[in-house]
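First up is the structure itself, then whatever we jot down about it.
Letters A, B, ... mirror the listed sequences (proteins, then strands); counts begin at 1. Remember, predicted model here, so these are calculated numbers, not experimental data.
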Amino acid sequence: MSNAEIAHVLEKIARLLEVQGAIRFKIQSYDRVSRVVADLDRPLAEIFAAEGHKGLTALPGIGESTAAKIEEMLTKGRCTKYEELQAALPPGIEELLAVPGMGPKTALLAATRLKVRSLDDLERAIQAHKLAALPRMGAKLEEKLLKGIAIVRQGLARKSLGEALPLADALLDSLRALPGVSRAEAAGSLRRMRETVGDLDLLVAPRRPADATAIMRAFVSHPDVTGIIAHGDTKASVRLRQGLDADLRVIEPAAFGAALHYFTGSKSHNIRVRELGVKLGLKINEYGVFRGAKRVGGREETEIFRAVRLPFIPPELREDEGEIEAAAKGRLPRLVDARDIRGDLHVHSTWSDGRASIEAMVAAARALGYEYLAFCDHSQSLKVARGLSVPDLRRKHREIDALNRDLRGFRVLKGAEVDILPDGSLDYPDEVLDELDVVVASVHTRFTLDEAAQTKRVVAALRHPRVTFLGHPTGRMLGMRDAHPINLHDVIAAARDHGKALELNAQPDRLDLSSGPLREARAAGVMIAIGSDAHDTASLSFVPRFGAGAARRGWVGPGQVLNALPLAKLLKRLGNAKPRSARFRAASPGA
DNA sequence: GCCGTTTTCGGCCCGACTGTTTTCAGTCG
């Protein structure tokens, strides 16, 4: 079983223990271990094969009992404990627990007293008002659960960062425009730049305490709000027209930093920080840092970290994936920042399927403060994207040469996004590739090859001396298309061995690579090219807006980013690969 | 169930909102 599957079973065990009324700490323990497993960058199967039982218990939160369960899952593909729990509880209870608003108590009551076994049963019971007849249940709960059923049926779609970020920015703008608002920030997974976002968490500091009511009222009556889920004194939850929920909290300025930290999460990161606080005799919550009843910090986020004797940890790292330990040792990496980006090595133009001319793209790039832009239009066989024939490619090069003659302080680079053909060879002959400054090798066809074949194909391309980097390495489209099967460990190793970079494609519905492989690449010393893959001028901003954040989640520093190099150093690096192509050609008959 | 430069047993992170209640349980983040 994969890590994700094992994490899923452990999470299910926690939910079922909750129904059983097990002690809170046992449940927390399963929840924690489930998160640990889900976040591992190495397969448990590999750890167990290499280090056995001890390798498992060495992982945080995993003791004897959990290790035994994991071993059973790895070797037999099942978990007796989970099966026993399922057998001991009413059938269908897990389906009920998936409904928002339905917790362990309500689910158990519905399952035992009303014999509800499924979503459909639950819906019927509610419509017959049987649920409201149970103790402590009423009409409002029925209403909430009916909405919850609808949400489960339409799929709990998380929105991509690309949809959520502009929405949050617009809401923040309207909040900041209110006279009673002194500060408004987004928190939550959005601030951590997670690639998908479940809801928006917004925080506001009022100028005066009395302003809170008006701010809340303005928020719940925003034109994008289609429903109010909760509306209290300090918190409101609403459903937005765009299909996302947003929470607003009004926070007194003296606690704003504490609240920002608390609501930014992640949950496991917060737990770790609060635990550190407890050891130092402090209580940390969303209202501040407290020693006894006295608040000793909380206005700024830095005060939270200072209280637990850590340096400031950037939001993108707050996943409890080693950032606390690194911070404690003073080994937090300096992360790449949008300001470090000097250019873009993956953009398209009207020569292939782009919607802007080379000149228009260059103007937009200069406005971003870039020094260079590599035009990587599609290669000849990708007909759907109007891939360039060799003569067209050379005509394009003449346009670039002419442009470069006139440009000062900016360089247009000749590039191509060259298809990796199914056999691993490239879609232009070597003598054409030799004319290019930047070769992005990408898979656009035959996504269905099995993992071994796809990996072999990509590794073959990385071995080619003229390739600069691998484009969108997994091919995933968030919420639309899964990554194609590929062994990224092998790909990263090949990139390392052949001195090639990997792309972090900054299209917000790709963000390909994700943080796990980025960290592995970083550890291997593999350079990352953060490419916008822009097909129009506006999309150039994908790199600073989404790509930099995604790279930061992968602990990537400016020194590992190819397009953070100044032009002269970039050219030197690109040029270094050139002489090797002669040897490659000699060794490649048919090229 | 996990864990330990105070502990191998006794702790384990914290609070808001809602609904159905006359003081609080349940759910969520």
Crowding at NE2, A/His222 (>12 non-hydrogen neighbours, <6.0 Å): yes
d(CZ, A/Arg272; P, B/dC3) in whole Å: 11 Å
Touch class at under 4.0 angstrom, heavy-atom based, for A/Lys69 against every strand present: sugar-phosphate
Residue whose closest nucleotide on DNA chain B lies nearer the 5' end, A/Gly138 versus A/Met102: A/Gly138
Write out a two-atom table: protein N or O, nucleotide N or O from nucleotides 4-6 of chain B, distance below 3.5 Å.
none

Atom pair distance, as rounded to whole Å: CZ in A/Arg35 and P in B/dG29: 14 Å
Ring-ring centroid check A/His53 A/Phe48, cutoff 6.0 Å: no
Whole-angstrom distance between B/dT22 and B/dA16, as gauged at atom P: 23 Å
Atom-to-atom span, CD1 of A/Ile70 to P of B/dG1 - whole angstrom: 13 Å
Interatomic distance at C1', B/dC12 relative to B/dT8, whole Å: 15 Å
Nearest-0.5 Å distance that lies between atom CD in A/Gln28 and atom CG in A/Leu17: 12.5 Å
Value in whole Å for how far the C1' atom of B/dT20 lies from CG of A/Leu131: 13 Å
Under 3.5 Å on both distances, the Watson-Crick or G-U partner of B/dT27: B/dA16
A/Ile27, A/Leu85, A/Asp31 screened by side-chain contact (heavy atoms from CB on, under 4.5 Å) with A/Ile13, the one that passes: A/Leu85
Heavy-atom pair with the smallest gap, counting every atom of A/Glu95 and A/Leu119: OE2-N, 2.8 Å
Minimum heavy-atom distance between A/Leu244 and A/Leu167, given as atom pair plus value: CD2-CD2, 4.0 Å
d(CG, A/Leu141; P, B/dT20) in whole Å: 7 Å
Phosphate-side-chain proximity, A/Thr66 and B/dG1, N/O vs OP1/OP2 below 4.0 Å: no
Value in whole Å for how far the C1' atom of B/dG1 lies from CD1 of A/Ile27: 11 Å
What protein N or O atoms touch nucleotides 21-23 of chain B N or O atoms at under 3.5 angstrom, if any, and at what distances?
none

Interatomic distance, A/Ile23 CD1 vs B/dC12 P [rounded to whole Å]: 12 Å
Any side-chain heavy-atom pair of A/Asn270 and A/Val273 under 4.5 Å: no
Side chain to side chain donor-acceptor pair (under 3.5 Å) partner of A/His489, the single match among A/Glu46, A/Glu520, A/Arg42: A/Glu520
B/dC2 versus B/dC13 - spacing of their P atoms, nearest Å: 15 Å
Pairwise C1' distance for B/dT20 and B/dC14, with rounding to whole Å: 24 Å
Restricting to nitrogen or oxygen on both sides, can you table the protein-nucleotides 13-18 of chain B pairs closer than 3.5 Å?
unit_1 : atom_1 : unit_2   : atom_2 : d
B/dC13 : OP2    : A/Glu275 : OE2    : 2.8
B/dC13 : O2     : A/Arg274 : NE     : 2.7
B/dC13 : O2     : A/Arg274 : NH2    : 2.1
B/dC13 : N3     : A/Arg274 : NH2    : 3.4
B/dC14 : O2     : A/Tyr262 : OH     : 3.4
B/dG15 : OP1    : A/Lys283 : NZ     : 3.2
B/dG15 : OP1    : A/Asn285 : ND2    : 2.9
B/dA16 : OP1    : A/Tyr287 : OH     : 2.7
B/dA16 : O3'    : A/Thr234 : OG1    : 3.4
B/dC17 : OP1    : A/Thr234 : N      : 3.2
B/dC17 : OP1    : A/Thr234 : OG1    : 2.9
B/dC17 : OP1    : A/Lys235 : N      : 3.2
B/dT18 : OP1    : A/His231 : N      : 2.9

Lys/Arg cation over aromatic A/Phe312: A/Arg318, 6.0 Å, 45° cone: yes
Touch class at under 4.0 angstrom, heavy-atom based, for A/Gly101 against every strand present: sugar-phosphate
Touch class at under 4.0 angstrom, heavy-atom based, for A/Ser237 against every strand present: nothing
With A/Arg553, the side chain to side chain donor-acceptor pair (under 3.5 Å) member among A/Glu316, A/Glu195, A/Glu319: A/Glu319
Distance, C1' atom - from B/dT21 to B/dA25, rounded to whole angstrom: 10 Å
Inter-residue atom distance A/Ile251.CD1 - A/Tyr262.OH, 0.5 Å rounding: 10.5 Å
Gap between atoms CD1 and P, on A/Ile13 and B/dG1 respectively (whole Å): 10 Å
A/His269 and its side chain to side chain donor-acceptor pair (under 3.5 Å) partner, picked from A/Glu321, A/Arg274, A/His261: A/His261
